Every structure is written in C-alpha cells, then in structure tokens.
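Both counts, for ligands and for their atoms, begin at 1 and track the order of listing. Remember, it's a predicted structure, so these values are computed and weren't measured experimentally.
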Amino acid sequence: MNKMETTWITGATGLLGRAILEDFSTAYKGRFVGTGFSRASGKVEKLNLLDKAGVEAFFERNQPKFVIHSAAERKPDVSEKDPSATWALNVDVTEHLAKLCHKNGSWLLYISTDYVFDGTAPPYQPGDDTNPLNYYGKSKLAGEEVIQKVFDNFAILRVPILYGEIQHLAESAVTSVVLDLKGSLPSRQDNWAIRYPTHVGDVALICRQMVEQRSADEGFRGVFHWSGNEPYTKHQMACVMAPIMGINCEDITADPKPAKGTPRPQDCCLESTLLESLAFGRQRSFPDAIEDILKRTNLKNQSS
Ligand code: NAP
C-alpha cells in the first residue's frame with residue numbers, strides 16, 4: 001500500500017460508513033478521509049454530495065485514488081415517497097462521482113443492495129438477472145448502471161440488511177424490530193421474507209480488503225456480493241432479541257404473509273463465494289453480535 005494513496009469514504013456518518021472509518025482507522029496503511037452531511041463532525045468533513053462544485057473542489061484537494069461510495073437514501077419507504085430526492089442522491093450523485101473518478105484515474109467502490117433482485121430465484125450470483133421490486137432497489141440498480149456506462153475502473157459490492165453499532169434503534173432495519181417490541185404486545189412480525197443480517201464491521205473489513213486488493217492489482221474490478229450466512233425472518237430476529245429485553249417469543253405473532261406497503265422481495269440470498277475464494281471476509285454470528293450490541297444500548301431511553 002502506497003502511503004500517499006488516499007481513500008475517500010462517502011456516507012462516513014452512516015451505519016456502514018462509521019464502521020468503514022473505524023476499520024480503516026485501525027488497520028489501513030494509507031491515508032483516508034471520510035465525509036458526511038447533516039451528522040458530520042470531528043474528523044468527518046461535511047460535504048453535500050448534491051453540491052457538484054463542492055464535490056469537485058473536494059476531489060481536487062484530496063486527489064483520492066480510491067472512493068468508497070456508501071452514502072445513499074437506503075430506506076425503501078422513504079424512497080417510495082420521495083423518488084426525485086432518492087434519484088438525485090442514489091443515481092445522479094453516483095454518476096457524478098463515476099465521472100470524476102474516470103477523469104482522475106480513480107477506482108470507485110459502490111455499495112449496492114440485495115434489493116436489485118426480485119427474490120424469486122435465490123441464491124444469487126453477481127451475474128444473475130436483476131429485477132428490483134421497489135423504487136429504492138430500482139435507484140440502486142440505476143446507480144450500478146450509470147457507473148458501468150461511464151467507465152470500467154469500479155467494483156460494485158451488493159450487501160443485504162445491515163446491523164451494527166447504532167446511534168438510535170431505527171437506524172437499522174434489524175434494531176427497528178426492537179422498537180416494535182417496546183410497543184404494546186403481542187407484536188406482529190413478518191415471517192415471510194428471509195433476510196441475511198450482516199454486521200457492518202464484516203462489510204467494512206471486506207471494503208478495506210477490496211481497496212488493498214485494488215491497490216496491488218489494477219485489474220481488480222467487477223460486481224461482488226457479501227452476505228451474512230444465517231437466514232432469519234423478522235419474526236425469527238425478534239425471537240433472538242426478545243429475551244434480551246425480557247420478552248417472551250410467544251408474545252410475538254408470526255405473520256406468514258408479505259408485509260403491506262412498499263413491495264419487498266422474499267429471499268435475495270447473495271452468494272459470497274467470489275470474495276470467499278479470495279480468502280476475504282468474516283461472517284459473525286447474528287445472535288452473539290446482536291446480544292452484544294443491545295446490551296450496550298440503553299434501551300430504556302430509546303424511542304426511535
Ligand atoms: P445510512 O445509515 O442511512 O447513511 C446514509 C449516509 O448518507 C449518511 O452518512 C448521510 O449523511 C449520507 N448522506 C445523505 N444525504 C447526503 C448528502 N446530500 N450529501 C452527503 N452525504 C449524504 O445508510 P447505511 O445503512 O450506512 O447504508 C450504506 C450503504 O449500504 C448505502 O449505499 C445503502 O444503499 C447500502 N445498503 C444498506 C443496507 C442497510 O440495511 N442499511 C442494506 C443494503 C445496502 P448524514 O447522516 O451526515 O446526513
């Protein structure tokens with residue numbers, strides 16, 4: 001790793017971006033810089049990615065050789081309600097970053113989602129046909145496509161539902177379940193969609209290993225998947241988390257039908273074999289990791 005090579009991490013105030021920053025702070029040998037927006041403070045620089053001139057000036061100042069683009073609108077319900085803001089952040093910003101990377105000879109690592117698939121034919125390999133069911137998935141797939149139109153010096157990393165150190169329970173779709181359980185019981189939880197909760201620390205490690213690999217090998221590029229390897233419905237996740245809150249699993253009703261509202265795929269199991277074959281990664285156990293996180297979270301003071 002050339003110490004002068006800078007990595008830029010967008011979305012560094014977000015759930016995943018914070019974990020990437022932490023991993024890089026511990027183990028990365030090169031220079032790195034993180035940017036966020038409304039929550040930026042301390043070492044994380046404030047940069048509105050919608051401000052094209054500001055982004056260009058930032059690029060000029062920092063000359064990043066590698067860009068990990070984690071910032072996005074990642075909530076399917078919000079995307080459905082505000083498609084134009086979602087498109088601006090998830091697609092237009094991505095296209096702008098790809099063009100800047102192309103112009104400056106930089107490599108772009110774009111974080112994408114399992115929701116680019118329709119969930120009818122798991123498990124999914126990176127080359128399998130995409131067919132997003134909701135606007136969020138469509139916008140993230142459009143982000144992948146605009147990059148591929150601009151240049152080929154990129155990697156796309158698709159990941160499923162994420163959890164990790166949270167600033168508040170609603171920050172992750174996994175710990176949002178805890179908020180439901182804090183309401184009146186019995187709680188009703190989706191037992192139809194199969195998810196693969198994936199710890200942001202494990203994804204952060206993959207991101208660093210991908211940057212290190214690209215630093216050593218200019219040809220390292222393409223579409224990759226990384227996923228936790230334990231399948232859970234939201235109901236099953238709730239039953240893992242309930243005892244930590246002193247709640248009985250019998251007080252949680254398993255809903256066998258797809259959730260109403262924004263359409264979601266049933267099972268988008270991502271095959272991580274490509275990265276595993278490079279001896280990349282780590283998949284920690286969901287029950288152990290979530291217990292650890294919830295025990296360190298002051299659940300009494302959490303209302304959102
Ligand atoms: P997140 O916690 O919602 O964080 C979003 C990040 O984007 C924040 O750092 C936010 O900054 C930043 N951002 C929003 N608007 C911005 C703007 N105008 N300018 C600059 N930055 C802006 O998201 P996440 O969960 O970490 O998701 C990271 C990536 O993983 C995304 O690409 C997402 O699509 C993908 N992904 C996430 C999940 C999941 O379950 N979370 C699942 C699959 C894929 P401020 O907060 O400082 O405003």
- Message: Can you tell me if A173 contacts ligand 1 (heavy atom of the residue under 4.0 Å from the ligand)?
- Response: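 Outside the 4.0 Å threshold, so no.
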- Assess L47 for proximity to ligand 1: is some non-hydrogen atom of it under 4.0 Å away?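 Heavy atoms of L47 do come under 4.0 Å of ligand 1.
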Should [X] be counted as touching ligand 1, given the test is an N or O pair under 3.5 Å?
{"X": "L49", "result": "yes"}
{"X": "R39", "result": "yes"}
{"X": "N48", "result": "yes"}
{"X": "G14", "result": "yes"}

For ligand 1, note which part of [X] has a heavy atom under 4.0 Å away: side chain, backbone, both or neither.
{"X": "K140", "value": "side chain"}
{"X": "P160", "value": "backbone"}
{"X": "L89", "value": "side chain"}
{"X": "S112", "value": "backbone"}
{"X": "Y136", "value": "side chain"}

Hydrophobic clusters here meaning ILVMFWY residues chained together by side-chain heavy-atom distances under 4.5 Å, can you tell me if [X] and [Y] are in one?
{"X": "I68", "Y": "V44", "value": "yes"}
{"X": "V55", "Y": "L108", "value": "yes"}
{"X": "V211", "Y": "W226", "value": "yes"}

Those atoms of ligand 1 less than 4.0 Å from some heavy atom in [X]:
{"X": "S38", "value": "45 (P), 46 (O), 47 (O), 48 (O)"}
{"X": "A72", "value": "5 (C), 7 (O), 31 (C), 32 (O), 34 (O)"}
{"X": "L15", "value": "2 (O), 25 (O), 26 (O)"}
{"X": "I161", "value": "40 (O)"}

Counting non-hydrogen protein atoms only, what is the nearest one to [atom]? Give residue, atom name and distance.
{"atom": "atom 41 (N) of ligand 1", "value": "R74 CD, 3.1 Å"}
{"atom": "atom 6 (C) of ligand 1", "value": "G11 CA, 3.8 Å"}
{"atom": "atom 30 (O) of ligand 1", "value": "I111 CG2, 3.4 Å"}
{"atom": "atom 26 (O) of ligand 1", "value": "L16 N, 2.9 Å"}
{"atom": "atom 8 (C) of ligand 1", "value": "T13 OG1, 3.6 Å"}
{"atom": "atom 31 (C) of ligand 1", "value": "S70 O, 3.1 Å"}
{"atom": "atom 22 (C) of ligand 1", "value": "F37 CB, 3.7 Å"}
{"atom": "atom 40 (O) of ligand 1", "value": "L162 N, 2.9 Å"}

- State whether the side chain of N134 and the backbone N or O of E80 hold a donor-acceptor pair below 3.5 Å, judged by distance alone.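 No, N134 side chain to E80 backbone: no donor-acceptor pair under 3.5 Å.
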- Just by distance, do the side chain of S112 and the backbone of I156 share a donor-acceptor pair under 3.5 Å?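 No, because the side chain of S112 does not come within donor-acceptor range (under 3.5 Å) of the backbone of I156.
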- Item | Proximity of F117 and H225 rings by center, below 6.0 Å |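 Ring centroids of F117 and H225 are less than 6.0 Å from each other.
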Where does the angle between the aromatic ring planes of [X] and [Y] fall among parallel (under 30°), tilted (30 to 60°) and perpendicular (over 60°)?
{"X": "F151", "Y": "F154", "value": "tilted"}
{"X": "W87", "Y": "Y135", "value": "tilted"}
{"X": "F220", "Y": "F280", "value": "tilted"}

- Query: How far does NE2 of H168 sit from OG of S176, to the nearest 0.5 angstrom?
  - Reply: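 H168 atom NE2 to S176 atom OG measures 8.5 Å (nearest 0.5 Å).
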Just by distance, with hydrogens left out, do [X] and [Y] show a side-chain donor and acceptor under 3.5 Å apart?
{"X": "E5", "Y": "S215", "result": "yes"}
{"X": "D267", "Y": "Y196", "result": "yes"}
{"X": "Y28", "Y": "T7", "result": "yes"}

- Should one rank S79, A71, G164 by closest heavy-atom distance to atom 7 (O) of ligand 1, which comes out on top?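 Looking at heavy atoms only, the winner is A71.
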- Message: Using the rule side-chain contact (heavy atoms from CB on, under 4.5 Å), only one of L141, T113, V116, T262 pairs with Y136; which is it?
- Response: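 Of the listed options, the one satisfying the test is T113.
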